[in-house]
Amino acid sequence: MTDTQIFEPDGRAIPFVDEGDGPVKLVLIPEPGEGRDALAVVAHYLAEEAGFHVVRIGYRPGGDPLSLADRAADVIAVIDSLGFDHTWIGGHGFGGTVARTIVADHHDRANGLLLLGVEDEDIALAPAIPVLIVQGADDQMNDAANGVALQATAPERASLKTLDGAGHLFPLTHVFDTAVAVEEYLDWD
């Protein structure tokens, strides 16, 4: 796997991992806490096997709670530093909520939105942006019904994949199923 780098705009220490160099660019934002590494193997698969350029962006250290806007600004700062004009933006759990915030506020920068385990948050999907929702059927933290409800708000451009037998950390426990769902959807063109 690739080492974590630190980007420090304005004294903010934002960790990120940059893997691959393929034409499909994907930014992933993890679930904080114990789920923070759940996207590592999926990202590595997408970079090495699918040929994607994947950047995982973490959270600044420290005890001060940050707003969604601050977390989104951190992600945009890293994206800008890497020179990405457009990219798929996605996340797992709370990371998906951050991704939804970014795409809602910066839809001109997003090729699409990837949500892994949708939280029940009132953030509308940005217009005209394709969305892939992947849910664990047995997710006890983010009920699979959240993904179904969100997909119903934009059925013409939002696709839903439910992984049977998968709980909240499905990107870690169902790595291949998660990676293949992402690869097939993002690499369809």
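Owing to the predicted nature of the structure, the values given are computational and were not obtained by experimental measurement.
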Is the backbone of Lys25 close enough, under 3.5 Å, to the side chain of Thr87 for a donor and an acceptor to pair up by distance? yes

Could you tell me whether the side chain of Asp10 and the main chain of Arg12 form a donor-acceptor pair under 3.5 Å? no

Using the six-membered ring wherever Trp is involved, compare the ring planes of Tyr59 and Phe94 and label them parallel, tilted or perpendicular (cut-offs 30° and 60°). tilted

Heavy-atom nearest pair, Ala144 first then Gly136, reads CB-O, 3.8 Å

Do Leu116 and Leu39 have side-chain heavy atoms sitting under 4.5 Å apart? yes

Cluster check Val118, Leu125: I/L/V/M/F/W/Y, side chain < 4.5 angstrom: yes

Under a 4.5 Å side-chain heavy-atom rule over Ile, Leu, Val, Met, Phe, Trp and Tyr, are Val27 and Val17 clustered together? no

As a quick check of understanding, evaluate side chain to side chain contact (heavy atoms under 4.5 Å, CB included) for Leu150 and Thr153, giving each step before the final call. CA-CA 5 Å; Leu150 186 62; Thr153 68; 4.0 Å; yes

Under the side-chain hydrogen bond (donor to acceptor under 3.5 Å, both in side chains) rule, collect the residues that match up with His168, sequence neighbours excluded. Glu31, Asp139

Less than 4.5 Å apart, any side-chain heavy atom of Val98 and any of Leu68? yes

Take Phe170 and Val134 through the side chain to side chain contact (heavy atoms under 4.5 Å, CB included) test and state the conclusion after the steps. CA-CA 9 Å; Phe170 67 85; Val134 182; 3.7 Å; yes

Closest heavy-atom pair, Ile14 versus Gly58, reported as atoms and distance to 0.1 Å, is CG2-O, 4.1 Å

Partners meeting ring pair (Phe, Tyr, Trp, His ring centres under 6.0 Å) with Phe84 (sequence neighbours left out): His53

Gln151 side-chain N/O to Ala158 backbone N/O, donor-acceptor pair under 3.5 Å: yes

Short side-chain to backbone donor-acceptor contact, Arg157 and Ile129, under 3.5 Å: yes

Pairwise distance CG(Leu66) to CZ(Arg60) - rounded to 0.5 angstrom: 4.5 Å

Evaluate the side chain to side chain contact (heavy atoms under 4.5 Å, CB included) criterion for residues Ile76 and Asp105: first the C-alpha distance (whole Å), next the side-chain angles of each, then the deciding distance (0.1 Å), finally the verdict. CA-CA 11 Å; Ile76 290 294; Asp105 294 343; over 6 Å; no

Nearest 0.5 angstrom please: Leu169 CG to His92 NE2, how far? 5.5 Å

Would you confirm whether Arg109, through its side chain, and Asp85, through its main-chain N or O, come within 3.5 Å as a donor-acceptor pair? yes

same_hphob_cluster(Val55, Ile6) at 4.5 Å side-chain heavy-atom cutoff: no

Atom CG of Asp21: over 12 foreign heavy atoms under 6.0 Å: no

ILVMFWY network linking Leu114 to Val24, side-chain heavy atoms under 4.5 angstrom: yes

Could you pull out the closest heavy-atom pair between Pro23 and Gly51, with the gap in Å? CD-O, 3.8 Å

Is it true that Phe176 and Leu26 fall in one hydrophobic cluster, defined by side-chain heavy atoms closer than 4.5 Å? yes

Shortest non-hydrogen separation from Ala179 to Leu46 and the atoms involved: O-CD2, 3.6 Å

Closest heavy-atom contact between Val175 and Pro171? CG2-O, 3.2 Å

Could you check whether any side-chain heavy atom of Ile57 comes within less than 4.5 Å of a side-chain heavy atom of Asp74, counting everything from C-beta outward? no

Any side-chain donor near an acceptor of the partner, Thr97 and Glu119, under 3.5 Å: yes

Point-to-point distance, once rounded to the nearest 0.5 Å, from CG of Asp138 to CD of Gln140: 7.5 Å

Over all atoms of both residues, closest heavy-atom pair of Gly96 and Leu115: O-CD2, 3.4 Å

